[in-house]
Structure formats: structure tokens, C-alpha cells
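Proteins come first, then strands; the chains are lettered A, B, ... in the order of their sequence lines, and each starts at number 1.
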2 protein chains.
Amino acid sequence: MQRSERLAEIVEIVRDGRLHLARDIADALEVSVRTIYRDIDTLVASGVPIDGERGVGYMLREPVFLPPMALSFTELEALSLGMSIVQAAADTELQEAAKRVMDKVGQHASNRRQAPKSWGFGVYAFERAQEGFRHMPLIRRAIREGLKLKIDYCSLDERTSTRVIRPLQMEYWGRVWTCSAWCELRKDFRVFRIDKTAACEPTGERFQAEAGKTIEDYLKHVADQMDRDRTRS
Amino acid sequence: MQRSERLAEIVEIVRDGRLHLARDIADALEVSVRTIYRDIDTLVASGVPIDGERGVGYMLREPVFLPPMALSFTELEALSLGMSIVQAAADTELQEAAKRVMDKVGQHASNRRQAPKSWGFGVYAFERAQEGFRHMPLIRRAIREGLKLKIDYCSLDERTSTRVIRPLQMEYWGRVWTCSAWCELRKDFRVFRIDKTAACEPTGERFQAEAGKTIEDYLKHVADQMDRDRTRS
DNA sequence: ACTCAACTGACATATAATGTCAGTTGAGTT
DNA sequence: AACTCAACTGACATTATATGTCAGTTGAGT
């Protein structure tokens with residue numbers, strides 16, 4: 001196995017967020033422990049946020065990907081446009097992430113000429129409804145990590161209810177963000193407008209994918225519903 | 001200089017779109033020509049679109065960037081969301097580019113577990129107004145390369161006019177795309193709704209950045225106008 | 001004082017990259 | 001048809017880099 005390949009492998013191994021011993025990694029990749037120490041050095045030097053603690057092991061401070069991609073100009077334009085829109089249409093956390101992505105691309109691009117500052121796009125569309133974005137970082141984390149959420153939801157007919165949900169997916173409708181979830185109160189899938197959600201906090205409980213309550217089930221559910229609608233009309 | 005560094009350098013050198021001889025590259029990087037041939041092999045093998053022709057030299061088939069980036073999970077989410085929106089809200093060319101970007105990221109990510117197919121986003125917002133997108137690839141190229149365009153424009157009061165413009169920037173307003181340009185007919189900046197543009201073709205002429213007619217001038221112009229509006233009210 | 005596992009330095013060994021040289025190939029030119 | 005150019009290839013010696021082994025040190029915790 002090539003060194004560069006092995007470096008990528010180490011990132012993949014460590015990426016699960018758990019603790020890893022240099023000896024285990026060495027065994028898995030069939031090299032000596034010394035090599036792993038050297039590799040980790042290399043990775044840290046090139047910015048991968050790996051923390052090592054004596055007597056403990058290695059951990060990733062925050063998850064990373066290292067996509068080794070070659071982007072064409074058109075792909076860069078798509079990237080640039082997408083990041084512009086995200087900066088206009090999502091919560092602060094995603095806005096900042098989008099900016100960082102463009103910085104990383106731009107930084108490298110500006111080594112030489114032919115790197116336009118703007119890629120010819122302006123995005124003005126979106127009212128910056130910061131209020132409506134408030135819960136988005138938490139909901140995203142909950143989707144990622146499978147956390148149950150307790151929300152106070154103010155439905156369209158102005159009634160407020162408190163319920164526990166398993167958030168599955170966020171949807172963007174151009175102006176409004178929603179969250180599709182399994183609702184433990186109604187024992188069914190429900191869609192919540194994020195800007196109509198007053199309180200929102202983790203219950204502390206986690207949920208596992210459970211037959212009939214997963215994102216795949218939800219998507220199929222929606223597809224079936226659309227089929228029925230079409231047949232009726 | 002490290003091999004990996006040198007590979008990146010070669011891409012940077014070749015990226016100007018002009019012809020390069022292996023010997024020149026070798027001189028610039030202070031290695032032998034043989035090494036350059038081997039490096040080019042490596043690059044081509046990893047997907048960089050370099051064309052070599054015997055007796056001629058090397059050229060890049062299409063421009064590329066190789067951003068050596070480590071993306072955090074949040075940054076990946078921003079990327080994923082942005083690409084989803086672009087796939088819903090832009091012309092076919094950009095849609096496909098956005099898809100390719102996600103494929104490139106996903107391909108590498110899916111080497112191991114914990115690579116969600118969807119990053120928890122759905123984007124349903126945008127009517128797929130394919131008609132309105134028709135001229136976008138051409139306009140983007142015109143902005144990039146500084147091509148004058150001749151357009152048949154149907155303004156909001158239903159009058160059609162033909163004019164030559166210098167396209168400067170495209171704007172996205174959530175549902176509608178516009179193009180800001182220097183209008184050679186009105187000798188001023190004008191904004192055109194792309195979906196209201198009937199015909200659109202290059203005149204064959206190119207334009208250079210010219211004092212008072214550049215994108216920077218336009219942005220300043222818009223900012224001044226907004227200032228005046230605010231003062232008045 | 002002891003354990004653990006990250007970390008370091010030194011040095012021999014193995015692997016990979018490079019330079020040199022002597023070709024071949026394909027397209028175009030004279 | 002002969003010639004030129006520069007990409008390309010293969011072989012082999014040389015050099016540089018990566019790796020393994022070993023013998024430590026360090027810092028945190030028990």
C-alpha cells in the first residue's frame with residue numbers, strides 16, 4: 001500500500017470519532033507503530049485535527065473529509081453559486097461553513113492568476129430570516145447523531161403543542177425550512193416548519209433506525225402519497 | 001521539493017490553457033524531463049485532463065482546480081445543501097456540474113461506513129423553469145470570457161428590443177435569474193431577466209474591462225443608488 | 001512507584017523516485 | 001522520402017524517502 005493511500009486510510013479509521021491506539025491502526029494497516037506516529041505527524045502538519053494524548057490514544061477533534069478532487073471550471077461555478085446561496089439562505093453555522101469552503105478553494109486558486117474573486121454570481125433572493133434559522137444547527141446535529149428532540153410547535157391553526165420527534169431530514173422550500181420527523185405523539189411522520197417551532201431541545205435519548213420509522217420509509221411514504229394524489233385527479 | 005508538491009505545481013503551470021513543453025516544465029521545477037513524463041502519467045491516471053501531443057506539447061483539455069481541502073462535517077453539509085439547491089435552481093450544465101461535485105465527494109466518502117447518501121437535506125423549492133434557464137450557459141461563458149451578446153429582450157411592458165450588451169454578473173432572486181450588463185444601446189447599466197430574453201447570441205466581438213463599465217463600477221453604482229434611496233425615505 | 005501509550009532519536013534496511021541514456025512513435029515540414 | 005520536434009518508453013544505476021527495530025523519554029492517570 002502506498003504511503004499517500006495509507007494516510008487517507010488513517011483518516012478514515014480515526015474518523016469514527018472514537019479512540020484509537022497507534023498499535024491498533026498499525027495492525028490494521030500492516031505497518032509498524034513507528035510508521036503510524038510518523039504518519040500522524042504528517043497529517044497533523046497538513047491540518048487534519050487529530051489529537052493524541054499519552055496513555056490514551058488518538059481522536060479526531062472534528063470530523064473531516066479529504067476529497068482529492070479535480071474540479072472543472074463549471075464545477076467551480078456550481079460550487080461558488082451553491083455556497084453563495086447557502087450563505088444567504090441558511091443558519092449562521094452553515095453560512096460560515098459555506099464561506100470557509102469558498103475560502104479554501106479561493107485560497108488555493110489565488111496562488112496564480114485566472115482566479116476571479118466572484119465567479120460571476122450574485123445572490124440576493126432570500127430574506128435573512130435569522131429567527132427562522134435559530135434551531136437549525138441543533139436539528140442538523142440531531143439528524144446526524146440520531147437524537148430525539150422535544151419541541152413546542154405552533155401549528156398553522158395557531159395551536160401550540162409539545163411533542164417528542166425523531167428528526168429525519170430538513171427540507172428547503174425557497175423561503176421556508178421544514179423538518180420531517182417521526183412524531184412520537186401522533187405515531188406517524190409529520191412535517192414541521194422550523195420557523196414555527198418555539199422551543200427545541202434534545203431529550204437526551206437517542207434513537208436507532210427502526211423499521212417503519214426511517215428516512216427511507218418516510219420518502220417511500222411521501223412517494224406513495226403523491227402516487228395516490230395523481231391517481232385521484 | 002516533494003513529489004506531491006511538484007504534481008500540484010505542474011497542474012498550476014499547465015492551467016493557463018497554453019501549450020507547455022515537458023522540457024520547460026522540467027527546467028522550471030529543476031527536475032529531469034523523464035520525471036515530468038512520469039509525473040504527467042500520474043496526474044492523468046488520477047483524472048487530471050492533460051492532453052499531450054507528440055511534437056507539440058502539453059495542454060489542459062479543460063481548466064481544473066485541485067483544492068487540497070480538508071472539509072469538516074458542517075462544511076460538507078453546506079456543500080451538500082448548496083449542490084442540492086443548484087441542482088434544483090440552475091440550468092442543466094450547472095445541475096450536472098453540481099451532481100459531479102457531489103459524486104466526487106461521495107465517491108471518496110463512501111470508501112467506508114458513516115457516509116450518508118443524503119446529508120439530511122431535501123430541496124423542493126424551485127419550479128424547474130427549464131425555459132428560463134435556456135440562455136444561462138452561454139451567458140456564463142460570455143461573462144467569463146468577456147464576449148459581447150446580442151439579445152432580443154422583452155421588457156416588462158411587453159416591448160421587445162434588440163441590443164448589444166456586455167454581461168457582467170448573473171443574479172439569483174430565489175425564483176428568477178437576471179443578468180446585469182453594460183447596455184451599449186442605453187450606454188448605461190441595465191438588468192435583464194433571463195427568462196424574458198428571447199434570442200441571445202454572441203456578436204463575435206470581445207470586450208475588455210473599461211473604466212466605468214466594469215463589474216466593480218456596476219456594484220458601486222448599485223450601492224450608491226441604495227444610499228440615495230435610503231436618504232430620501 | 002507503576003502502567004499505559006504517545007512520542008522521540010538513531011541507525012540499518014527496504015522501497016520509491018529520479019537521472020541518464022538510448023531508443024521509438026506520430027504528426028507535421030521540407 | 002528524409003528530417004524535425006517533442007512526447008513517450010524501457011532499462012538500469014543512483015539517490016532520496018519511507019520503514020522497521022530498538023532503546024529510550026514523557027505526561028497523565030492509578
Side-chain angles (χ1 to χ4, degrees), chain A residues 1-64 66 68 70 72 112, chain B residues 1-64 66 68 70 72 108 111-112:
Chain A
M1 185 190 273
Q2 294 277 58
R3 188 178 123 93
S4 53
E5 230 184 293
R6 196 181 55 235
L7 292 174
E9 269 300 297
I10 292 178
V11 175
E12 294 296 327
I13 290 174
V14 172
R15 208 172 71 203
D16 62 5
R18 287 180 303 178
L19 213 57
H20 291 271
L21 306 187
R23 194 164 41 73
D24 294 343
I25 301 176
D27 287 350
L29 302 182
E30 298 178 303
V31 290
S32 78
V33 187
R34 187 67 181 84
T35 301
I36 298 299
Y37 288 132
R38 281 192 274 243
D39 286 351
I40 301 258
D41 265 3
T42 309
L43 288 171
V44 170
S46 60
V48 181
I50 296 179
D51 280 337
E53 204 169 333
R54 292 165 199 271
V56 183
Y58 287 110
M59 262 195 80
L60 218 55
R61 208 174 319 127
E62 55 172 323
V64 293
L66 287 167
S72 74
R112 303 230 161 204
Chain B
M1 184 191 271
Q2 293 278 58
R3 188 179 123 93
S4 53
E5 231 183 294
R6 196 182 55 233
L7 291 174
E9 267 301 298
I10 293 177
V11 175
E12 293 298 326
I13 290 174
V14 173
R15 209 170 70 201
D16 63 4
R18 287 179 303 179
L19 213 57
H20 291 272
L21 306 187
R23 194 164 40 74
D24 294 343
I25 302 176
D27 287 349
L29 303 182
E30 298 178 303
V31 289
S32 78
V33 186
R34 187 67 180 84
T35 301
I36 297 300
Y37 288 132
R38 280 192 275 245
D39 285 352
I40 300 259
D41 265 3
T42 310
L43 289 171
V44 169
S46 59
V48 180
I50 296 179
D51 280 338
E53 205 168 333
R54 292 165 198 272
V56 182
Y58 286 111
M59 261 195 79
L60 219 53
R61 207 174 320 126
E62 53 173 325
V64 293
L66 285 168
S72 74
H108 186 255
N111 285 346
R112 299 235 159 199

Q.
Angle between the end axes of the helix from C:dA1-D:dT30 to C:dT30-D:dA1, five pairs per end, to the nearest 10 degrees?
A. 30°
Q. Separation of B:D27 atom CG from D:dA6 atom P, in whole Å?
A. 12 Å
(Q) Which is more 5' along DNA chain C, the nucleotide nearest A:D51 or the one nearest A:Q2? Just name the residue. (A) A:D51
(Q) Going by side chain to side chain donor-acceptor pair (under 3.5 Å), name the residues that satisfy it together with A:D24, two or more places apart in sequence or in a different chain. (A) none
Q. D:dA6 P sits how many Å from B:Y58 OH, rounded?
A. 12 Å
**Q.** Qualifying residues under side chain to side chain contact (heavy atoms under 4.5 Å, CB included), relative to A:Q2, sequence neighbours excluded
**A.** A:S4, A:E5
(Q) Please enumerate all residues that pass side chain to side chain donor-acceptor pair (under 3.5 Å) together with A:S32, with sequence neighbours excluded. (A) A:T35
**Q.** Residues which pass side chain to side chain donor-acceptor pair (under 3.5 Å) with A:T42, listed by chain and number, not counting sequence neighbours
**A.** none
**Q.** Contact letters for nucleotides 20-30 of chain D, in which S counts primed atoms plus P, OP1 and OP2 and B counts the base, heavy atoms under 4.0 Å
**A.** BB----BB---
Q: Taking side chain to side chain contact (heavy atoms under 4.5 Å, CB included) as the test, write out the residues that go with A:A26, two or more places apart.
A: A:V33, A:I36
Q. In whole angstroms, how far is the C1' atom of D:dT17 from the CE atom of B:M1?
A. 17 Å
(Q) Listing request: all salt bridge (Lys or Arg N to Asp or Glu O under 4.0 Å) pairs with a residue in residues 43-60 of chain B, at least two apart in sequence or in separate chains. (A) B:D51-B:R61
Q | side chain to side chain donor-acceptor pair (under 3.5 Å) involving A:R3 - partner list, sequence neighbours excluded | A | none
Q) When the distance from CE of B:M59 to P of D:dA6 is rounded to whole Å, what number comes out? A) 16 Å
Q) Which whole-number value in Å describes the distance from A:I25 CD1 to C:dA5 P? A) 13 Å
Q: Return the value, rounded to whole Å, for the distance between atom CZ of A:R3 and atom P of C:dA16.
A: 13 Å
(Q) Check the phosphate of D:dA7 against B:Y37, side-chain N and O only, distance under 4.0 Å to OP1 or OP2. Yes or no? (A) yes
Q) Rounded to the nearest Å, what distance is computed from the CG atom of residue B:L19 to the C1' atom of nucleotide D:dA6? A) 10 Å
